[in-house]
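Let me begin by presenting the structure, written as structure tokens, before commenting on it.
Values reported hereafter were calculated over all heavy atoms of this structure, with side chains retained and with hydrogens, waters and symmetry mates removed. Position 1 is the first residue of the sequence; numbering continues from there.
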Amino acid sequence: MPKKMDTNVLVKKIITEIQSGELVDQDLKLPAEPNLMSRYEVTRYTLRQALKQLSVMGYTYQVHGVGTFVRHQQTVDSVALEHEGGLSAEMERIGRKLTTQTASEKIILYRRHLFYQRHTTSRMMIN
């Protein structure tokens with residue numbers, strides 16, 4: 001019978017076992033959901049919530065029909081580009097603010113005839 005476990009507690013347990021190397025195989029793949037449910041004695045719903053949270057945090061990613069994989073170890077400043085909240089949210093997660101700046105601006109004059117060629121076009125009319 002599955003225990004009532006808080007999703008955040010489960011996430012911490014999974015992270016600890018990922019970091020120790022005892023949960024993943026040589027391809028950095030997590031065990032199948034039924035095996036994880038049995039290992040942690042949790043319901044499928046609780047497990048899926050934890051896996052979703054791990055994905056949002058940038059620890060894991062899922063390949064449809066194949067399984068859940070652990071991302072290569074990240075440094076504190078690493079950014080998960082597949083983050084569901086977007087790049088701004090991911091930068092905020094690591095304590096940074098994303099801004100846009102104009103690096104340089106220069107007006108370039110051009111000669112129209114170099115860029116636009118005039119073609120005579122014929123149109124075919126179908127009645």
Side-chain angles (χ1 to χ4, degrees):
M1 177 105 187
K3 297 177 190 174
K4 176 77 173 144
M5 184 184 299
D6 180 58
T7 304
N8 293 327
V9 172
L10 179 56
V11 166
K12 288 177 185 176
K13 281 186 174 191
I14 293 173
I15 289 172
T16 300
E17 291 187 18
I18 287 172
Q19 290 173 339
S20 71
E22 63 187 274
L23 190 59
V24 297
D25 65 13
Q26 68 276 7
D27 296 322
L28 297 179
K29 183 179 179 186
L30 291 177
E33 284 185 9
N35 296 348
L36 290 171
M37 290 166 47
S38 174
R39 179 183 189 118
Y40 298 111
E41 298 179 338
V42 294
T43 63
R44 177 166 284 193
Y45 177 80
T46 301
L47 178 64
R48 286 190 173 176
Q49 291 299 312
L51 292 175
K52 181 178 179 182
Q53 192 170 333
L54 287 166
S55 178
V56 168
M57 293 169 67
Y59 277 95
T60 62
Y61 64 97
Q62 293 181 330
V63 178
H64 185 72
V66 179
T68 302
F69 295 84
V70 175
R71 293 189 188 283
H72 290 283
Q73 294 299 316
Q74 300 176 358
T75 64
V76 175
D77 291 339
S78 293
V79 175
L81 295 179
E82 294 86 11
H83 189 266
E84 292 179 359
L87 184 57
S88 296
E90 181 66 359
M91 293 299 286
E92 188 175 311
R93 179 187 67 80
I94 64 170
R96 305 246 173 131
K97 184 176 180 178
L98 187 64
T99 60
T100 304
Q101 297 179 355
T102 302
S104 67
E105 190 174 300
K106 181 179 179 183
I107 297 175
I108 300 172
L109 298 177
Y110 70 97
R111 295 185 182 193
R112 180 176 219 136
H113 70 278
L114 296 176
F115 290 95
Y116 301 103
Q117 294 180 354
R118 296 184 185 215
H119 296 282
T120 56
T121 59
S122 59
R123 294 186 186 170
M124 192 165 145
M125 306 271 294
I126 300 176
N127 291 329

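In the hydrophobic clustering, Val66 connects to Tyr61, Val63, Phe69, either directly or through intervening members, whenever side-chain heavy atoms lie under 4.5 Å apart.
The stretch residues 26-35 participates, sequence neighbours left out, in these side-chain hydrogen bond (donor to acceptor under 3.5 Å, both in side chains) pairs: Glu33-Arg48.
Across Tyr40 and Met5, no two heavy atoms sit closer than the pair O-CE, 3.7 Å. When all heavy atoms of Arg44 and Pro34 are compared, the closest pair comes out as NH2-CG, 4.1 Å. Between Val70 and Leu30 the shortest heavy-atom distance is CG2-CD2, 4.0 Å.
In this structure, CD in Gln49 is found 10.5 Å from CG in Asn8, a value given to the nearest 0.5 Å.
Follow the hydrophobic side-chain contacts under 4.5 Å out from Leu36 and you reach Val9 in the same cluster.
Counting only heavy atoms from C-beta outward, the side chains of Leu28 and Ile18 never approach each other to under 4.5 Å.
Remark: Val11 engages Thr7, Ile15, Ala50, Gln53, Leu54, Met57 in a side chain to side chain contact (heavy atoms under 4.5 Å, CB included) (not counting sequence neighbours).
Between the side chain of Ser55 and the main chain of Leu51, no donor-acceptor pair closer than 3.5 Å is present.
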